[in-house]
Every structure is written in structure tokens, then in C-alpha cells.
Amino acid sequence: MKQPRLVSLDVFRGLTVMFMIFVNNGAGKEIFSTLVHAKWNGLTAADLVFPFFLFVMGISTFISLRKSHFNMTRELAWKIGKRTLMLFLIGLFINWLEMAVKGQAFDFAHLRIMGVMQRIALCYGFTALAAIVSTKLWHSFRPMVWAIVILLLGYSLIILLGGGYNHDSATNILWIADAQLLGQSHLYHNPPVDPEGLLSTLPSIAHTMIGFTLAAWAMAEKPATAKLSTLERFAAIGAGLVITGFLASSIMSYNKRIWSPSFVLVTCGIASLTLALMIQWIDGGVKTDTSTTEKKRSSLVSPCLVFGTNPLFLYVTSEVIAIFFGATGIKMTIYNMLNAVITNGYWASVAYSTLFVGLHALLGYPLWKRHIYIKL
């Protein structure tokens, strides 16, 4: 039996991308603390957007690979490899563009190698490969669960024994490893660690795998006698992850910069609970038909679908536009105009971010309306 499409997943993905663009484009010196990333230990609303995206990407990867029944073919291998490489190269292009607008287009010796898109690429590639291998060799996704446990436990030992929480690059294993493997000049120039470094990508891969394996369990075809619905499965695991992450935080604090295991667990848990609520609100617990679901797409839901159907395209576009707005002074000109009307700097920043998101809604709306999906 064909599984019903979860409109809520598109909405959740879109809402995540909207908020990613929003928090990445604050303006001025006064920005609400909850809209900026925690400088070190801690957790803010802004810290949720990237982990939410990786969680949803894990779910989307399951849905995508399910169409091929997880059979490794030459065509599928090429598709996974090509997409992984393309996403990584787009990330490198964004890093290069930031240098180019500053007149350093040929300063490749200082080109940052890692970044958000590069992490997305690696998380997608490894998760997709792990899913195919698990199905091929063990006919089950259970090995992926063990891989998640091993990655998180192994990374916990690395940061606890290697000074991963040290706010000093000279003694932090994450910075030291990245500097040795990539070269210090190719890292994010804001120590103590590169927020998308190589070692911290390991728990990010586990993060994406959690989304995948949870989808494999929650969205699998269930017999009529199944005790838990899709909604209830997302809610149950979400609650368990939040509790586990909270308990783990007593030993390892939440820390987005190093992508701590407690951060992985609690953000995956919050994402799963949020998705469960959206399934209930939008999809009616996956018990309503298409016509009923359509009626629930309110004016608040439609903008999310605009972003949710072309998420990476709009995110990459936002990064490129933000670079040019910053380099040409357009950003500060618009902000100063807003600040002249909205004298409170914090709310002027919110207004600028809102306008910036609105600009991308205008870019994405025609694509959504015409069912044009630009897949990156």
C-alpha cells in the first residue's frame, strides 16, 4: 500500500529554511540573543535551525531511497555521488565568493574548505551509503542504529579526553585535528574551533542517520493491528531523545560549535516532537484524505511550502544575495532606513531579516506555483 505523502514534512522543512535565512541575516549591532547562535555552551532558538534541517534531510533521504527499494545500482550510486559532490562544490563556491567580493578571488591558500553546504553534502552522502550497505548486507537498518551509537559514543570520548570543550585552540582536539588535516589557513577564522570541522561532522552524520532510521521505523508500512501510528512514533522517540539529551548535558553541555552528543540528542528530539505536532495539525495524524489536507493549508502554511519545495536552492540563493548585499552596502542602507522608522535597533534588525526572507518568498513563489523543483 502506497504511503500517504506527509505535507507536514514539506512545511517543517520550509519553516526550517525560512528560519535559517532569518537568523543568518540579522542587521546592525543590536540583535535579540535568541536569534544568534550561542557563543559556546548553551542553546538558543537560532541553534535549532541547522540540526532541524539535517534531521529532516535524514527523513527525506529515506523517502527518496525507498523509491528504489534501497537497491544499489550503478545509476543510484552515480546519483548519490554526483549530488554529494555537487553540494560540496556549491559550498566551496560560496566560501570563494565571500573572498572574491573582497578582492581576494585568487587567494586560494586561504579558501575555507568546510562550511554548511559541505557538511550537508557529507551527511547526505554517508547516510545514503550507510542505508544502501545496511540493506544490501543485513537486509535491515539495524546496523545504522549501531553506527549512530558508535559515532556518538566515540565522539564523546574524543571531546572529553581531547579537550573538545576547551575554549583554547591550542589545546582543543577539534581545532588541532582540523589544522593538521586541512591546514589552519583553510579553517573558519573565528577560533576556538571551526563550527563545521571534520571531527564535528561525525556527530552530524549520526544526527542525519537518526532522522533516517526514525523515518524508517515511523513511516514503514504498518499492519492494521499496529499499536502506534506514524504521529505517535515520532512523538515517542522525540520525547525519549529529549530526555536522553537532557541527562547527557550534565556531563557534556549543549554546544553547537562542537556539535556535542547532548546537542544532537536534544535537537533531534525537539525536531521529532515538532514534526509530530505538525503531522497532527496538517495531516490529521495521517488519517485524512488529500482534499481534507488541502483545506488545512492556511495562509500560514503556504509560505512554508514555498520554501519547503525548493529548500537548498533558496538557501544557497540567500547566501549569495547576502554576500552581495553586504559587500555593496545594500544591507546597511536598508537597515539604516528601517532604523530611522523603527528606532529600536533590535526590532529594526528583525524587520530587515523579515524583508530578506520575504524577498526569497517572492523568488520561490513562482517556482512553487508552477511545480518547478530545483533539486540540489
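Side-chain atoms are counted along with the backbone in the values below, which use heavy atoms only and exclude waters and symmetry mates. Small disclaimer: the values here were computed from a predicted structure and weren't measured.
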For the ring pair Phe12 and Phe52, is the centre-to-centre distance below 6.0 Å?
yes
Examine the side chains of Asn166 and Thr171 and answer whether a donor and an acceptor come within less than 3.5 Å of each other.
yes
Keeping the roles fixed (side chain from Asn310, backbone from Phe313), state whether a donor-acceptor pair exists under 3.5 Å.
no
Check: Ser68/Asn71 side-chain N/O donor and acceptor closer than 3.5 Å:
no
Without hydrogens or angle criteria, can the side chains of Arg119 and Ser200 be said to hold a donor-acceptor pair below 3.5 Å?
yes
For Phe62 and Phe212, I'd like to know if the aromatic rings sit close, meaning centre-to-centre distance below 6.0 Å.
yes
Side-chain donor or acceptor of Trp40 paired with backbone N/O of Tyr165 under 3.5 Å:
yes
Arg13 side chain to Ser60 side chain, donor-acceptor N/O pair below 3.5 angstrom
yes
How far does CG of Leu265 sit from CG of Leu247, to the nearest 0.5 angstrom?
10.0 Å
If you round to the nearest 0.5 Å, how far is CG of Leu312 from CD1 of Ile90?
8.0 Å
Kindly compute the distance separating CE (Met99) from CG (Leu97), expressed to the nearest 0.5 Å.
11.0 Å
Got a salt bridge between Glu98 and Arg112, using NZ or NE/NH1/NH2 to carboxylate O under 4.0 Å?
no
